[in-house]
2 protein chains.
Amino acid sequence: MGKQVTEMLKGTLEGIVLAILSGRSAYGYEITAWLREKGFSDIAEGTVYALLIRIEQRGLVDVEKVPSEKGPPRKVYSLNAEGSEYLEEFWRTWSFLTEQLEQLRQGDN
Amino acid sequence: MGKQVTEMLKGTLEGIVLAILSGRSAYGYEITAWLREKGFSDIAEGTVYALLIRIEQRGLVDVEKVPSEKGPPRKVYSLNAEGSEYLEEFWRTWSFLTEQLEQLRQGDN
DNA sequence: TACCGGTAGATAGTAACACTGAATAGCGGG
DNA sequence: CCCGCTATTCAGTGTTACTATCTACCGGTA
């Protein structure tokens with residue numbers, strides 16, 4: 001999709017993944033597939049896994065190892081209380097940004 | 001404002017500045033002041049100058065040195081044709097992102 | 001004159017984040 | 001037995017914003 005998305009995703013991809021996890025638990029491979037389906041065609045698998053490790057180390061998610069019928073065991077992530085709080089904060093920040101951008105787009109600058 | 005904004009700005013700040021320049025020409029100090037006024041309270045001055053140099057080197061803006069009554073000469077930036085094209089592309093990318101995020105927020109995932 | 005505050009820009013070093021590319025590992029089917 | 005699919009990990013790279021500092025010009029004031 002191009003470099004612009006890549007740069008814009010910095011900071012937002014984390015929120016996107018947390019938002020996905022707020023709906024239901026999921027594991028890396030699944031999340032990557034879901035993102036691709038949604039149009040984020042060139043998000044590298046490595047990126048998602050790295051992000052999941054980051055948010056795990058920050059204590060925003062809980063992890064459970066679940067055996068898979070096909071392939072190695074999955075690491076299933078679910079949002080915990082701290083993660084929910086962080087996600088709320090993310091939405092506030094996101095709203096602020098979109099408001100500013102919307103104003104700029106309308107040309108009142 | 002916090003680390004979340006900082007990370008989200010990566011990739012969007014460039015679009016923001018280009019959008020400002022699409023309305024009128026401006027120089028670094030002015031842009032920084034305008035951003036602060038708009039609520040981007042902790043954007044460092046150095047950040048804006050570095051960004052302006054980047055977009056200048058990529059040929060998205062034209063530059064003109066204008067003497068100032070108070071202080072050193074200003075480097076006044078204005079969007080050129082290539083910059084306008086890039087800005088359009090930015091808005092398309094931005095729209096895509098906001099749509100996806102809006103869907104996630106509504107919880108249909 | 002000497003100094004200071006406000007205006008204006010440049011720069012070196014750092015941290016965070018997404019990408020690239022490759023490696024590892026388990027399972028089932030031809 | 002190897003290939004393809006599922007699933008995760010990791011080392012190295014590039015981009016971007018931040019921090020902190022430096023240069024420079026001007027007007028006012030002691």
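Labels below follow one simple rule: chain letters A, B, ... track the order of the sequence lines, proteins then strands, and each chain is numbered from 1.
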Q: Salt-bridge test for E64(B) and K75(B): reply yes if a basic N is under 4.0 Å from a carboxylate O, no otherwise.
A: no

Q: Using a heavy-atom cut-off of under 4.0 Å over every strand shown, decide if G11(B) touches base, sugar-phosphate, or nothing.
A: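 The answer is sugar-phosphate, as G11(B) gets under 4.0 Å only of primed atoms, P, OP1 or OP2.
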
Q: dA8(C) phosphate, OP1 or OP2: any side-chain N/O from S68(B) under 4.0 angstrom?
A: yes

Q: Under 4.0 Å, heavy atoms only, any strand: does K10(B) hit a base, just the sugar-phosphate, or nothing?
A: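 Here K10(B) touches the bases of the nucleic acid.
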
Q: Measuring centre to centre across the rings, with the benzene-like ring taken for any Trp, is F40(A) within less than 6.0 Å of F96(B)?
A: yes

Q: Does dT8(D) have OP1 or OP2 sitting under 4.0 Å from an N or O in the side chain of K65(A)?
A: no

Q: For a quick test of reading the model: is some side-chain N or O of Y49(B) closer than 4.0 Å to OP1 or OP2 of dA10(C)?
A: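 So the side chain of Y49(B) is outside the cut-off, no N or O lying under 4.0 Å from OP1 or OP2 of dA10(C).
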
Q: Taking OP1 and OP2 of dG29(C), is either one under 4.0 Å from a side-chain nitrogen or oxygen of K70(A)?
A: no

Q: At under 4.0 Å between heavy atoms, what does G46(A) touch on the DNA or RNA strands: base, sugar-phosphate, or nothing?
A: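 Answer is base: heavy atoms of G46(A) come under 4.0 Å of a base.
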
Q: With a non-hydrogen cut-off below 4.0 angstrom, is L52(B) in contact with a base, only sugar-phosphate, or nothing?
A: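 Answer is nothing: L52(B) stays at 4.0 Å or more from every strand.
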
Q: Answer with base, sugar-phosphate or nothing: what part of the nucleic acid does E45(B) contact at a heavy-atom distance below 4.0 Å?
A: nothing

Q: So what does T6(A) touch, heavy atoms closer than 4.0 Å: a base, only the sugar-phosphate, or nothing?
A: sugar-phosphate

